[in-house]
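Naming convention: chains lettered A, B, ... in sequence-line order (proteins, then strands); numbering from 1 in each chain. Small disclaimer: the values here were computed from a predicted structure and weren't measured.
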Protein chains: 2
Amino acid sequence: MDTLELVKEKFILHWGEMGSLWGINRTMAEIHALLLISPDPLSAVEIMQELKTSRGNVSMALRELIAWGIVNRVHHKGERREFYNTEKDVWVLFRVIARERKKRELDPTIEVLRQSVKDLECLSSQEAEYERKQLKNLLEFFETGIQVYEELEAQAPHSILKLLGQALSLKKRISG
Amino acid sequence: MDTLELVKEKFILHWGEMGSLWGINRTMAEIHALLLISPDPLSAVEIMQELKTSRGNVSMALRELIAWGIVNRVHHKGERREFYNTEKDVWVLFRVIARERKKRELDPTIEVLRQSVKDLECLSSQEAEYERKQLKNLLEFFETGIQVYEELEAQAPHSILKLLGQALSLKKRISG
DNA sequence: ACAATCTTTCAGTAGTTTCTGAACGATTAA
DNA sequence: TTAATCGTTCAGAAACTACTGAAAGATTGT
């Protein structure tokens with residue numbers, strides 16, 4: 001087996017592992033990895049063969065990936081088959097994922113926290129007091145997180161993290 | 001059931017859900033939530049009763065949480081039982097988790113990418129070229145991520161995200 | 001209309017993770 | 001020593017998630 005294939009396989013497997021650590025399943029992550037390093041869009045059959053998995057599984061995983069906004073369908077005219085593509089720019093990818101995770105995780109959490117703090121507002125036992133304090137802290141944390149997210153979203157066409165790094169060292173130079 | 005208990009339960013359940021979305025299991029996340037809003041350290045039995053789960057499960061989950069560095073054992077003298085505590089400062093908690101995730105996820109990924117790029121260095125087919133380009137981009141992304149992480153780690157005793165927000169708006173004011 | 005080629009769906013299965021509870025070990029007190 | 005109380009471990013059960021493959025749906029060509 002040649003180097004290219006070996007590296008490809010290692011990368012795909014690793015990406016699959018990482019996928020499971022985050023909330024997405026192995027097949028999804030593997031497909032994403034495969035598309036990321038493929039110069040051209042691939043058909044479902046090619047993906048299926050490359051990853052040695054079933055047709056149905058590929059179909060379901062692609063559906064999910066498309067829902068995440070990470071994969072696009074590509075239609076070649078005069079072709080019956082559909083082809084699939086992923087966003088190739090890592091930084092753009094990061095933004096898409098960040099937006100989706102915010103929607104799925106941050107927003108609902110903030111909602112729960114806001115409601116909880118509100119519900120506890122009128123109680124005055126020791127315990128309620130403490131709980132309210134803690135939940136308020138959490139809420140503040142997540143709200144700041146969202147602010148940072150929006151700051152990023154608003155200005156960054158590219159190189160989000162790089163920008164962050166610059167911003168931080170800038171701040172360090174100026175204020176201490 | 002009173003408001004306090006209701007809010008407590010809702011928060012614990014929600015935190016448990018979120019935990020599963022990230023890589024940690026429900027019980028771990030629930031225990032963490034419970035400790036976070038408890039004014040005082042709790043014993044294993046109290047946790048067990050509060051979450052309606054088994055003794056063994058609590059023991060295992062606590063072991064994991066301690067391994068993450070999120071929960072501490074507290075020994076009261078003259079007490080046979082152990083009590084358990086979590087870091088109450090959300091910002092500190094964030095740092096601990098960030099460090100751990102870096103170690104478990106970022107570092108190994110960077111390792112794979114470095115090795116892969118190196119392995120591809122001497123190949124020159126179209127495909128190898130493209131693959132190398134993509135992996136290099138990924139590598140750059142993760143390396144920048146780590147830089148930002150270290151920047152944060154180095155300076156922030158508190159309010160990490162807040163700092164980030166400030167840094168960003170500062171940068172915006174100065175440079176565009 | 002029929003065949004060919006592709007996608008989607010979903011019931012059932014395989015595989016994985018989480019949880020339970022009984023067994024065991026350690027510590028303290030009587 | 002024995003009983004009581006606590007923590008830990010781990011085999012097996014339960015719950016959950018991912019995957020397969022056959023069936024059905026869609027589209028195109030003959």
Using 30° and 60° as the class boundaries, would you call the ring planes of A:W91 and B:F141 parallel, tilted or perpendicular?
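Taking B:F141 first and then A:W91, their aromatic rings stand perpendicular (interplane angle over 60°).
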Near-strand residues of residues 27-39 of chain A, defined as heavy-atom separation under 4.0 angstrom from DNA chain D:
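Correct list: A:T27.
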Side chains of [X] and [Y]: closer than 4.5 Å at any heavy-atom pair?
X      : Y      : result
B:K88  : A:N137 : no
A:D2   : A:L6   : no
A:D107 : A:K102 : yes

So which residues get pulled into B:M60's cluster when ILVMFWY side chains under 4.5 Å apart are joined, directly or through others?
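B:M60 clusters with nothing; isolated.
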If hydrophobic residues (ILVMFWY) are linked whenever their side-chain heavy atoms come closer than 4.5 Å, directly or via other members, who joins B:L13 in its cluster?
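ILVMFWY cluster around B:L13 holds nothing else.
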Degree of bending, the helix from C:dA1-D:dT30 to C:dA30-D:dT1 (end axes from five pairs; round to 10°)
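Its terminal axes enclose an angle near 10°.
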When you check the gap from the basic side-chain N to the acidic O, do B:R95 and B:E153 get nearer than 4.0 Å?
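Salt bridge present between B:R95 and B:E153.
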Boundaries of the DNA chain C segment in contact with chain B, non-hydrogen, under 4.0 Å:
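Using the under 4.0 Å cut-off, the span is C:dT18 to C:dT28.
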So A:T53, base contact, sugar-phosphate only, or nothing? Heavy-atom distance under 4.0 Å.
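Sugar-phosphate contact only - A:T53 comes under 4.0 Å of backbone atoms but never of a base.
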Length of the CG-C1' vector between B:L42 and D:dC6, whole Å:
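Taking atom C1' of D:dC6 as the reference, CG of B:L42 is at 16 Å.
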List the residues meeting salt bridge (charged side-chain N to carboxylate O under 4.0 Å, His left out) with B:E100, not counting sequence neighbours, and say none if there are none.
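Scan of B:E100 (salt bridge (charged side-chain N to carboxylate O under 4.0 Å, His left out), adjacent residues dropped) gives B:K103, B:R104.
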Hey, what are the protein-to-nucleotides 8-12 of chain D N/O distances that come in under 3.5 Å?
from: D:dT8; atom 1: OP2; to: B:S59; atom 2: OG; distance (Å): 3.2
from: D:dT9; atom 1: OP2; to: B:R63; atom 2: NE; distance (Å): 3.1
from: D:dT9; atom 1: OP2; to: B:R63; atom 2: NH2; distance (Å): 3.1

When you look at B:K133 and B:Y130, which way does the side-chain contact (heavy atoms from CB on, under 4.5 Å) test go after all the steps?
CA-CA 5 Å; B:K133 192 187 85 188; B:Y130 187 79; 3.7 Å; yes
If you look only at distance, which donor and acceptor atoms sit under 3.5 Å apart when one is on a side chain in residues 27-40 of chain B and the other is two or more places apart or in another chain?
from: B:T27; atom 1: OG1; to: B:N57; atom 2: ND2; distance (Å): 3.1
from: B:E30; atom 1: OE2; to: B:R26; atom 2: NE; distance (Å): 3.4
from: B:H32; atom 1: ND1; to: B:W15; atom 2: NE1; distance (Å): 2.9
from: B:S38; atom 1: OG; to: B:L34; atom 2: O; distance (Å): 2.7

Set of residues satisfying side-chain contact (heavy atoms from CB on, under 4.5 Å) with respect to B:H75, sequence neighbours excluded:
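For B:H75, the residues satisfying side-chain contact (heavy atoms from CB on, under 4.5 Å) (neighbours in sequence not counted) are B:E82.
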Distance-only side-chain donor-acceptor flag, A:Q147 / A:T144, under 3.5 Å:
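The criterion, which ignores hydrogens and geometry beyond distance, is not satisfied for A:T144 and A:Q147.
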Under 4.5 Å between side-chain heavy atoms, counting indirect links through other Ile/Leu/Val/Met/Phe/Trp/Tyr residues: same cluster for A:I97 and B:I146 or not?
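Yes, A:I97 and B:I146 fall within the same hydrophobic cluster.
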If you look only at distance, which donor and acceptor atoms sit under 3.5 Å apart when one is on a side chain in residues 113-125 of chain A and the other is two or more places apart or in another chain?
from: A:R114; atom 1: NE; to: A:E143; atom 2: OE2; distance (Å): 3.2
from: A:R114; atom 1: NH2; to: A:E143; atom 2: OE2; distance (Å): 2.8
from: A:Q115; atom 1: NE2; to: A:D119; atom 2: OD1; distance (Å): 3.0
from: A:S116; atom 1: OG; to: A:V112; atom 2: O; distance (Å): 2.8
from: A:S125; atom 1: OG; to: A:A128; atom 2: N; distance (Å): 3.1

Under 4.0 Å protein heavy-atom contact, by nucleotide of nucleotides 24-30 of chain D - B base, S sugar-phosphate only:
---BB--
Quick check on DNA chain C: between A:R26 and A:A44, whose nearest nucleotide comes earlier from the 5' end?
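Going by which nucleotide is closer to the 5' end, it is A:A44.
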Who passes ring-ring contact (aromatic ring centres under 6.0 Å, His included) against B:Y84, sequence neighbours left out?
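Once residues adjacent in sequence are excluded, B:Y84 has no partner under the ring-ring contact (aromatic ring centres under 6.0 Å, His included) criterion.
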